[in-house]
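Given the structure is predicted, the values throughout are model-derived calculations rather than measurements.
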Amino acid sequence: MLASSLQAIGRTAIRGVGAVGQGGHLAVGAVRALRKVDIWGPLFVPQLAAVGVASVPIALFIAAFTGIVLAIQASYTFTGTVPLYFVGALVGKTIILELGPVLTGLALAGRVGANIAAELGTMRVTEQIDALESLAYDPVAYLVVPRVGAGLVMFPVVVGMSMAVGIAAGWITSLFLLDLSTPQFVRGLRLFFEPYDVQFALIKAASFGITVTGVGAFFGYTCSGGAAGVGRSTTRAVVGASMLILVLDAFWAAALL
Amino acid sequence: MSIRLDRVVKTFGDLTVLDGFSLDVAEEGITTIIGPSGSGKSTTLKLVIGLIQPDEGEVWVDEVRVDELEGDDLYDLRRKVGFVFQFAALFDSMTIGQNVAMGLHRAGELSAGEIEERVRESLALVDLDGVQEKYPSELSGGMRKRAGVARAVALRPRYLLYDEPTTGLDPITVTMIDRLILRMRDELGVTSLVITHDLDSAYRISDHLAMLHKGRIRWEGPPDDIQAVDDPVVRGFITGEPELWEDAS
């Protein structure tokens, strides 16, 4: 019993070390492939659309409802104890510092990370990645670099839009449901606002973009085992990216605040 | 000099797939490796274009040692070697025309008009005129294989590697693919290395036949000679007699 448990732990540890090694190898390959602009350059703009533009509706949907709920919950908490214009402060601060980047990141881990893992995984198991290599394409430059680059550029854009929509939703909710005027909401919003908060949120968003696309690309690129393998890779990509987003969230809070 | 594998050893985990495997591929001929599934045939082809590296031994294409190449040198070599994948491995998000043009765009030697013309020529060579705008999912299995051949020959490579080119096809399509492989040799003068376990196809197309068994070449020679071989392993395989094969193995 003890021996089999130790064996299982050992196997898991070896797999983990192997995955870290593979991930490092892929990351180094991606950095080296940056100079192959002739390969990834033409694919970059389509990936900006696939990773960023196509993610806008789900990101804004989440942001809008987060803003509504935050405003209502803040009002519920503050009534009778704290002036209601603090609703604007709570909505603004919470959405900019935390919920805008993190909820958008988690949603896009599902949408973008899963998509990349499934697409690259299918290409791997159907030998399309081998075919790319046989045609003298560096598959990392062709498949990984444009996707991760698009994540780095577009996540801050999408998160920025989410923050704006979330705050706007909180403001509209305050106007129509909480008997708060626009000047009151804006007063609260400006009370604790620091421009640095936006910078902090966009740095987090960029790191989430690299994480979600990079983890998706890693699990897709190293996929094996047919359709079941593609399913496993997709699940691992979403779970892995979501966990890393939360770890990074804590890291940035400790490092930058 | 053509393609040469010299005392190659390749293992995957605990499994030794190639164990001192050596083979010389004759210029402008068709060499076919036969052997049961899982005997290392596909591994051999992937070694030739450097998709995987041997644990021991040497792999040569022309005067270049493939197993020592890295990066752009390896990609340069691959322009000389066309690879026809078992299930075609066409890029399913692209049209057939875009698939065939992929290698040409990468090579960067032809203008857009010349690429278009070369795509048309390559598809005509495999009797697939007029399918440029179709997607792989709109073609039959045999047509996809032929499109895979068109993509491999578009760069006019010196060598063509075929991975199980007739597997899963009906007899008529098998004959068409066999004729296509012969036509690539006769019209383009390419040196071909084919792996298959389709013996009828192997007899029809091969100039030289080699049988792979337990990671090494067990027998090689002209296809007409194989029927006279006494080795029970070879006889068991070509007659399809499991008892003879298993006893001898």
Under 4.5 Å from any heavy atom of chain B - which part of Ile129(A) =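 Neither part.
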Could you tell me the separation between the CG atom of Leu135(A) and the CG atom of Asn99(B), rounded to the nearest 0.5 Å?
->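 That separation rounds to 8.5 Å.
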If you round to the nearest 0.5 Å, how far is CZ of Arg78(B) from OH of Tyr137(A)?
->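 One gets 14.0 Å once the value is rounded to the nearest 0.5 Å.
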Does atom [atom1] of [X] have more than 12 heavy-atom neighbours from other groups under 6.0 Å away?
X	atom1	value
Met94(B)	CE	yes
Lys134(B)	NZ	no
Phe12(B)	CZ	yes
Arg65(B)	CZ	yes

Largest heavy-atom contact set with chain A, pairs under 4.5 Å, which of His105(B), Arg151(B), Arg79(B), Met102(B) |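 Of the candidates given, the most pairs with chain A belong to Met102(B).
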Answer whether the closest heavy-atom distance between the side chains of Phe91(B) and Leu132(A) falls below 4.5 Å.
->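 Yes, their side chains come closer than 4.5 Å.
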Salt-bridged, Glu127(A) to Lys46(B), with N to O below 4.0 Å?
->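 Lys46(B) and Glu127(A): salt-bridged.
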Considering only NZ, NE, NH1 and NH2 on the basic side and carboxylate oxygens on the acidic side, decide whether Asp138(A) and Arg106(B) come within less than 4.0 Å.
->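 Answer for the salt bridge query: no.
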For Leu90(B), is it the side chain, the backbone, both, or neither that has a heavy atom closer than 4.5 Å to a heavy atom of chain A?
-> backbone
Under 4.5 Å from any heavy atom of chain A - which part of Asp92(B) | both
Where is the tightest heavy-atom contact between Ala89(B) and Ala131(A), given as atom of each residue plus distance?
-> O-CB, 3.7 Å
Starting from the C-alpha separation in whole Å, work towards a yes-or-no answer on side-chain contact (heavy atoms from CB on, under 4.5 Å) for Phe87(B) and Thr126(A).
-> CA-CA 8 Å; Phe87(B) 300 106; Thr126(A) 57; over 6 Å; no
Main-chain N/O of Ser134(A) paired with Tyr75(B) side-chain donor or acceptor, under 3.5 Å = no
